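Per chain, numbering begins at 1; letters A, B, ... match sequence-line order. Owing to the predicted nature of the structure, the values given are computational and were not obtained by experimental measurement.
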Protein chains: 2
Amino acid sequence: MIAAKDDTIKEEILEQAQKLFQQFGVKKTTMEDIARAMGKGKSTLYYYFCSKEDIFDAVILKEMEEVFSSVSHAVEKAGSAEEKLKAFTLTKIRSLHRKANLYKIVSGEMQDNMRCIKHLHTEYDLRETRLLKEILEFGVGNGEFTRLITKELDILPSVIVSSLRGLERDVFVEGKYTRLVTRMESIVGILIRGLQNTTHLNSRSIANTNTRKQII
Amino acid sequence: MIAAKDDTIKEEILEQAQKLFQQFGVKKTTMEDIARAMGKGKSTLYYYFCSKEDIFDAVILKEMEEVFSSVSHAVEKAGSAEEKLKAFTLTKIRSLHRKANLYKIVSGEMQDNMRCIKHLHTEYDLRETRLLKEILEFGVGNGEFTRLITKELDILPSVIVSSLRGLERDVFVEGKYTRLVTRMESIVGILIRGLQNTTHLNSRSIANTNTRKQII
DNA sequence: TTTGGACCGAAAAACGAATTTGGTCGAAAA
DNA sequence: TTTTCGACCAAATTCGTTTTTCGGTCCAAA
């Protein structure tokens, strides 16, 4: 019960801090701003949190919690694994997009840092996308890949490029390069299975497994 | 012939600039540094390039060219579309990794910017990875997804999370949120096809297409 | 056609003073 | 005991000013 009241005030603090962070950015909001926003003294904040970074972390954690719980909820609601997977990705994107709108000052500052190489980056992405498209076209013409992707051939290459960039990021922010090769092989394996021509796939997989009776 | 000599010197300039950028970072290397490095006067640089940003762009472009050409070369050498796709991803990762080592001062500075939320980020990734693993396990137990991924169930979820982050990034750096939903659906569609239980897949795809004769 | 030295203006570094801000402490209020 | 607050401190930040640096230009010389 005692802890309950504590938590109420803690949440109040986080709420106010969140609002201020969104409005003015993290750096520009002072502890006094937060304290003033809830009509309390500054040092009161330190009764509930031990540092500003603590508050910041808690706010971010709360935001993440909201994203995750909405994703989690959407996944639970979905019936099939396929729908779960779709729910997972789409819900997260939507949720993130909403957050990005709230923190548009912050995301604006983030863009400023990247601005210098953006034009080169997008140009490179274009080349890469073209190459990837050629590979996919080659695969389709080859009979290796399914013709089902033909209509997606304008969108799929750039999507794959974006996805791979997520993996490439791991090379830089973490030292997990050694694992990355196997990680890469793992996802590319699934990707290829997804692209493969079903008939082509079957002729192999039927030979390796005994599921023929289910097929016919 | 005249242009040839021009290009030689231009390349020499880029080479020296590249070295200095790697060693000291872009901001810390001055035009005089570059000029001194090749025993010429500063204004000579402006005979060949019209600004420092021009040189910077050219160096980056050169680096990208190296990455792309090695990727492109590896793709060409590969025979099948599958091998091409694998060559594409792995070669790029290796190439980027090498570059990251050269520019470790630069990549070090980049990490400093992200450091503040890294610990929260990795924690969130963990939760997301777990949820994704549950989905995959559900799909396997369900019969929706192939049992082939059972042994990759420790690595695949985190890989998918990393990949999706690449797509999420597009929400922030570019305004292409509206497209993103269809983009997302596109890649998830392929992914699901790749995960699907072949027998399950066949019973549907055979019904929709008339490729039965090829199967048998 | 190239190169280098002198030069310019804007941007950035240097720097010390003034102010702000994160954080602490003990007393007082509840 | 639990919670709040004002006073206080040290470190960081800001500010205003001066100085230096650096990107870029110009012109003469090679």
Side-chain angles (χ1 to χ4, degrees), chain A residues 1-61 105-106 109 112-113 115-117, chain B residues 1-61 105-106 109 112-113 115-117 119-120:
Chain A
M1 188 198 291
I2 299 161
K5 191 178 178 189
D6 256 42
D7 287 353
T8 307
I9 296 184
K10 275 183 111 171
E11 277 174 33
E12 165 91 16
I13 293 175
L14 291 183
E15 208 174 299
Q16 298 298 332
Q18 189 181 31
K19 244 187 259 178
L20 291 169
F21 286 162
Q22 286 170 8
Q23 213 167 126
F24 307 108
V26 178
K27 207 176 178 184
K28 287 288 175 190
T29 65
T30 74
M31 292 296 270
E32 272 188 17
D33 288 337
I34 301 173
R36 201 182 317 126
M38 26 186 284
K40 295 286 178 69
K42 180 181 63 167
S43 49
T44 301
L45 297 179
Y46 288 93
Y47 182 75
Y48 298 96
F49 293 93
C50 65
S51 73
K52 185 185 181 182
E53 197 183 336
D54 232 47
I55 295 181
F56 171 70
D57 282 7
V59 169
I60 297 293
L61 226 58
I105 293 110
V106 179
E109 286 171 359
D112 289 349
N113 295 337
R115 193 181 28 187
C116 60
I117 58 163
Chain B
M1 190 198 290
I2 298 163
K5 192 178 177 187
D6 256 41
D7 287 353
T8 307
I9 295 184
K10 274 182 113 172
E11 276 174 33
E12 166 90 18
I13 292 175
L14 291 183
E15 207 174 300
Q16 297 298 331
Q18 189 179 32
K19 245 187 258 178
L20 292 169
F21 286 162
Q22 287 171 9
Q23 213 168 125
F24 307 109
V26 178
K27 207 176 178 184
K28 287 289 175 189
T29 65
T30 73
M31 292 295 271
E32 275 188 15
D33 288 337
I34 301 173
R36 202 183 316 125
M38 27 186 285
K40 296 285 178 69
K42 181 179 61 165
S43 54
T44 302
L45 298 180
Y46 288 93
Y47 182 76
Y48 297 97
F49 293 93
C50 65
S51 73
K52 185 185 180 182
E53 196 182 336
D54 231 47
I55 295 182
F56 171 69
D57 281 7
V59 169
I60 297 294
L61 227 57
I105 293 110
V106 178
E109 286 170 0
D112 289 349
N113 296 336
R115 192 181 31 187
C116 59
I117 57 162
H119 60 291
L120 299 174

Could you give me the CA-CA distance, side-chain angles and deciding distance for His119(B) and Asp57(A), then say whether side-chain contact (heavy atoms from CB on, under 4.5 Å) is met?
CA-CA 10 Å; His119(B) 60 291; Asp57(A) 282 7; 3.1 Å; yes
Could you check whether atom CD of Glu53(B) has more than 12 heavy atoms from other residues, nucleotides or ligands sitting under 6.0 Å from it?
no
Could you walk me through whether Met31(B) and Ile55(B) pass the side-chain contact (heavy atoms from CB on, under 4.5 Å) check?
CA-CA 10 Å; Met31(B) 292 295 271; Ile55(B) 295 182; 3.9 Å; yes
To the nearest Å, give me how far apart CE (Met38(A)) and C1' (dT4(D)) are.
11 Å
For atom OH of Tyr47(B) and atom C1' of dT25(D), their distance in whole Å
16 Å
Looking across every strand, which nucleic acid part, if any, lies under 4.0 Å from Tyr48(A) by heavy atom: base, sugar-phosphate, or nothing?
sugar-phosphate
Letter by letter from the 5' end, nucleotides 21-26 of chain C scores (B base, S sugar-phosphate only, - none; protein heavy atoms under 4.0 Å) SBBBB-
I want to check something: taking the side chain as every heavy atom from C-beta on, are Val106(B) and Phe21(B) in contact at a cut-off of under 4.5 Å?
no
Find the distance Ile9(B):CD1 to dG4(C):P and express it as a whole number of Å.
10 Å
Quick one: Asp7(A) CG to dT3(D) P, roughly how many Å, whole number?
11 Å
Begin from the C-alpha positions of Thr8(B) and Glu11(B) and carry the test side-chain contact (heavy atoms from CB on, under 4.5 Å) through to its verdict.
CA-CA 5 Å; Thr8(B) 307; Glu11(B) 276 174 33; 6.0 Å; no
Expressed as a whole number of angstroms, how long is the span from Arg36(B):CZ to dG23(D):P?
11 Å
Those residues at least two apart in sequence (or on a different chain) that pass side chain to side chain donor-acceptor pair (under 3.5 Å) with Thr30(B) are Asp33(B)
